[in-house]
**Student:** 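Quick one: structure below, then a few questions.
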Amino acid sequence: MSLTSVSGVNIIGAGLAGSLLAILLAKRGFKVTVFERRTDPRLGPTDQGRSINLALAARGIRGLALAGVLERVMPLAIPMRGRMVHEHDGSTDLQMYGVRPEEVIYSVSRADLNLALIEAAAALPNVSFNFGQLCLGLAHEKNVLEMRDEVTGRIYHTASQPSIATDGAGSAVRDSLVAREVAHVREEPLEHDYKELTIPAVAGRHVLDPNALHIWPRGGFMLIALPNPDGTFTATLFLEHTGVNGFDQLHTPANVDAFFARQFPLARALLPDLTREFFEHPQGSLGTVYTRGWHLNGDVLLLGDAAHAIVPFHGQGMNCAFEDSAELMRLMDEHHGWAGLFEAFEHERRPNTDAIAQMALENYQEMREAVLDPEYRRKKKEAEALEKQDPNFIPRYSMVMFHPEISYREALAGRGR
Ligand SMILES: Cc1cc2nc3c(=O)[nH]c(=O)nc-3n(C[C@H](O)[C@H](O)[C@H](O)COP(=O)(O)OP(=O)(O)OC[C@H]3O[C@@H](n4cnc5c(N)ncnc54)[C@H](O)[C@@H]3O)c2cc1C
């Protein structure tokens, strides 16, 4: 099948990657048909799935700029210039992310960002959205998707034409590729889960510095908080499944209260609904999905979390998925058939997504433990001083967050700088 813009493309999943990709493909002239299992978010809030807010950094911003949606998105975003480390004794240490004023990352609501992207895509004449449509995977025929209308229960088939699967970490399309032995998957669950909690505003204002990502690191576990525009923070508790400080120890309101009073006494005072929220909010699981074989000829391609879900500790899953979308557009200029394009995409991206998967795992140790270590802090200050003097010296964190021109693979290889 040739890559002519008169042809149509299906997108499975109107999450972050799928909605951005719809805009990028439509702007190239493709007729884009999007299938999404959730209801239309323009009609009211939907179940947004994982994490309430996210850190947006340079790679994601580059993808948004390519789609021409920065002006819609940036008013939703709150700049965070560093990590505010809250020690057990209540003292704080602001560790700057970068050395230049523009080197900040942004807190943005997943729901608001997704809605802005869906609205921008839907405004294009060649994009059509089909909400409430669950993809069950590939049907028996080679290039046909099996779908279910979530309202009527009707099962129907749709030609792939081709299809790009952005159906997230639990991708049904990926499962089909695995069943056909096209894809090979290794899933590495993390032994830590997460739970989201709310730090409310007081008189409409943030109770902590809104321009920082707050961390309460406690060695084996941590609490973090990212600001929201309404004055609240979304706090996320990361704990092991089991053990002395594990989720399995927290089965009564009294346990939860005592745990927070012991480990996070000052944060506890900022969480008035702690015990109610703790038992009402789901306990989310985390892990890395390594996939080999992201495409079926020129018919189907996995992109974003569907191809490579990672743990959230570098704040890069969405950023990486947006970079995937931008890279696919770049490779389109070099390829004239879908099969060649999809193959080149996996060849180019997989070493990079493997690299960010590794760096994301390493960053968990840094966030929950190393940031407390005086030696780590001394080295960080040294690196900052060096970076100010020598523009060729770029620490790895900055490469990942602020330098999209440096690939993840190069950033990993530059480790120790
Ligand atoms: C706790 C947590 C914190 C995070 N923090 C950050 C962060 O700070 N920065 C960052 O960059 N990333 C972060 N991430 C990662 C980020 O959420 C993902 O990498 C990103 O959402 C991937 O986008 P996606 O479009 O590939 O998948 P998703 O955003 O998951 O979208 C998938 C879409 O497909 C739909 N869908 C699923 N299955 C089907 C089906 N069978 N048929 C039809 N539709 C389907 C879903 O409803 C959804 O709309 C975090 C993740 C977690 C869990």
Side-chain angles (χ1 to χ4, degrees), residues 11 13 15-24 49-51 53-67 69 73 77 97 105-108 110 113-114 117 164-171 174 185-188 190 226 286-292 294-295 301-331 342 344-364 367 396-415:
I11 293 179
L16 297 171
S19 49
L20 182 74
L21 192 60
I23 302 170
L24 292 170
R50 304 163 309 145
S51 83
N53 54 20
L54 303 144
L56 172 68
R59 289 169 206 271
I61 290 174
R62 190 144 94 160
L64 295 168
L66 186 67
V69 292
V73 170
Y97 283 133
I105 61 176
Y106 295 88
S107 175
V108 62
R110 178 190 292 272
L113 174 57
N114 207 168
L117 293 176
I164 303 183
T166 49
D167 52 345
S171 171
R174 188 183 67 227
V185 171
R186 182 164 53 92
E187 293 187 35
E188 285 188 4
L190 197 72
L226 273 74
L286 299 165
T288 310
V289 179
Y290 300 93
T291 312
R292 202 160 39 81
W294 291 3
H295 68 106
L301 175 71
L302 306 176
L303 185 145
D305 274 15
H308 49 72
I310 62 176
V311 295
F313 305 110
H314 221 305
Q316 280 292 308
M318 164 190 66
N319 286 286
C320 178
F322 286 177
E323 187 172 80
D324 277 358
S325 307
E327 281 296 284
L328 189 69
M329 296 304 110
R330 186 181 65 75
L331 289 168
F342 291 173
F345 178 75
E346 178 175 357
H347 181 76
E348 183 103 342
R349 288 303 285 162
R350 189 147 54 79
N352 285 302
T353 59
D354 283 350
I356 187 58
Q358 180 179 333
M359 291 188 283
L361 282 163
E362 289 174 9
N363 223 46
Y364 188 26
M367 285 177 84
R396 187 171 97 178
Y397 183 86
S398 298
M399 290 188 201
V400 171
M401 303 308 271
F402 307 128
H403 289 273
E405 75 287 1
I406 300 174
S407 69
Y408 288 128
R409 191 167 42 157
E410 290 166 326
L412 179 64
R415 183 168 32 180

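This structure is a prediction, so every number in the text was calculated from the model and none was measured. Numbers for residues simply follow the sequence, beginning at 1.
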**Student:** Using side-chain contact (heavy atoms from CB on, under 4.5 Å), reason through I105 and Y97 one step at a time and then give a plain yes or no.
**Tutor:** CA-CA 8 Å; I105 61 176; Y97 283 133; 3.5 Å; yes
**Student:** Using a strict cut-off of less than 4.0 Å between a Lys/Arg side-chain nitrogen and an Asp/Glu carboxylate oxygen, indicate whether E362 and R396 qualify as a salt bridge.
**Tutor:** yes
**Student:** Under a 3.5 Å distance rule, please check whether D305 uses its side chain to pair with a backbone N or O of G168 as donor and acceptor.
**Tutor:** no
**Student:** Hey, are R349 and E323 close enough for a salt bridge, meaning a charged N less than 4.0 Å from a carboxylate O?
**Tutor:** yes
**Student:** Looking only at non-hydrogen atoms, find the nearest pair between V400 and A411 and report the distance.
**Tutor:** CG2-CB, 4.0 Å
**Student:** For residues N363 and Q316, determine if any side-chain heavy atom of one lies less than 4.5 Å from a side-chain heavy atom of the other.
**Tutor:** no
**Student:** So D354 and Y408, do their side chains get closer than 4.5 Å, heavy atoms only?
**Tutor:** no
**Student:** For E405 and R59: C-alpha separation, side-chain torsions, deciding distance, then whether salt bridge (Lys or Arg N to Asp or Glu O under 4.0 Å) applies.
**Tutor:** CA-CA 9 Å; E405 75 287 1; R59 289 169 206 271; over 6 Å; no
**Student:** At what distance, to the nearest 0.5 angstrom, does CG of L54 lie from CG of L226?
**Tutor:** 8.5 Å
**Student:** Considering only heavy atoms from C-beta outward, does the side chain of L412 approach that of R409 to under 4.5 Å?
**Tutor:** no
**Student:** Do V69 and I23 have side chains that get closer than 4.5 Å, going by heavy atoms?
**Tutor:** yes
**Student:** Between A55 and N319, what is the shortest heavy-atom contact and its length?
**Tutor:** O-ND2, 3.1 Å
**Student:** Is it true that Y397 and H314 have ring centroids separated by less than 6.0 Å?
**Tutor:** yes
**Student:** Which pair of heavy atoms, one from A306 and one from A165, lies closest together, and at what distance?
**Tutor:** CB-O, 3.6 Å
**Student:** Please determine whether side-chain contact (heavy atoms from CB on, under 4.5 Å) holds for the pair R174 and V289, giving the CA-CA distance in whole Å, both sets of side-chain angles, and the decisive distance to 0.1 Å.
**Tutor:** CA-CA 11 Å; R174 188 183 67 227; V289 179; 3.8 Å; yes
**Student:** Between the side chain of T291 and the main-chain N/O of V185, is any donor-acceptor distance below 3.5 Å?
**Tutor:** no
**Student:** Establish, from distance only, whether the side-chain atoms of Y290 and E187 form a donor-acceptor pair under 3.5 Å.
**Tutor:** no
**Student:** I need the L113 CG to N53 CG distance, nearest 0.5 Å.
**Tutor:** 11.5 Å
**Student:** Which distance, rounded to the nearest 0.5 Å, do you find between the CG of L64 and the CE of M318?
**Tutor:** 7.5 Å
**Student:** So do the side chains of L328 and L301 get within less than 4.5 Å of each other, counting heavy atoms only?
**Tutor:** yes
**Student:** May I ask you to test the V311-Y364 pair for a side-chain heavy-atom distance under 4.5 Å?
**Tutor:** no
**Student:** L66 vs F322, test: side-chain contact (heavy atoms from CB on, under 4.5 Å). Steps then yes/no.
**Tutor:** CA-CA 10 Å; L66 186 67; F322 286 177; over 6 Å; no
**Student:** Roughly how far, to the nearest 0.5 Å, is OG1 of T353 from CD1 of I310?
**Tutor:** 8.5 Å
**Student:** Would the distance check show the side chain of E410 and the main-chain N or O of S407 forming a donor-acceptor pair, the cut-off being under 3.5 Å?
**Tutor:** yes
**Student:** Check whether any side-chain heavy atom of F402 lies under 4.5 Å from a side-chain heavy atom of I61, and answer yes or no.
**Tutor:** no
**Student:** Quick one: closest heavy-atom pair of S325 and L20, and the distance?
**Tutor:** CB-CD2, 4.2 Å
**Student:** Which heavy atom of T166 sits nearest a heavy atom of G13, and at what distance?
**Tutor:** OG1-O, 2.8 Å
**Student:** Identify the heavy atoms of F313 and M367 that sit nearest to each other, and give their distance.
**Tutor:** O-SD, 3.3 Å
**Student:** Kindly compute the distance separating CZ (F342) from CG (L303), expressed to the nearest 0.5 Å.
**Tutor:** 9.5 Å
**Student:** Rounded to the nearest 0.5 Å, how far apart are CZ of F345 and CE of M329?
**Tutor:** 9.0 Å
**Student:** Please determine, by modelled atom types, if N114 and S19 share a side-chain donor-acceptor pair under 3.5 angstrom.
**Tutor:** yes
**Student:** List the steps and the verdict of side-chain contact (heavy atoms from CB on, under 4.5 Å) for R110 and L16.
**Tutor:** CA-CA 8 Å; R110 178 190 292 272; L16 297 171; 3.8 Å; yes
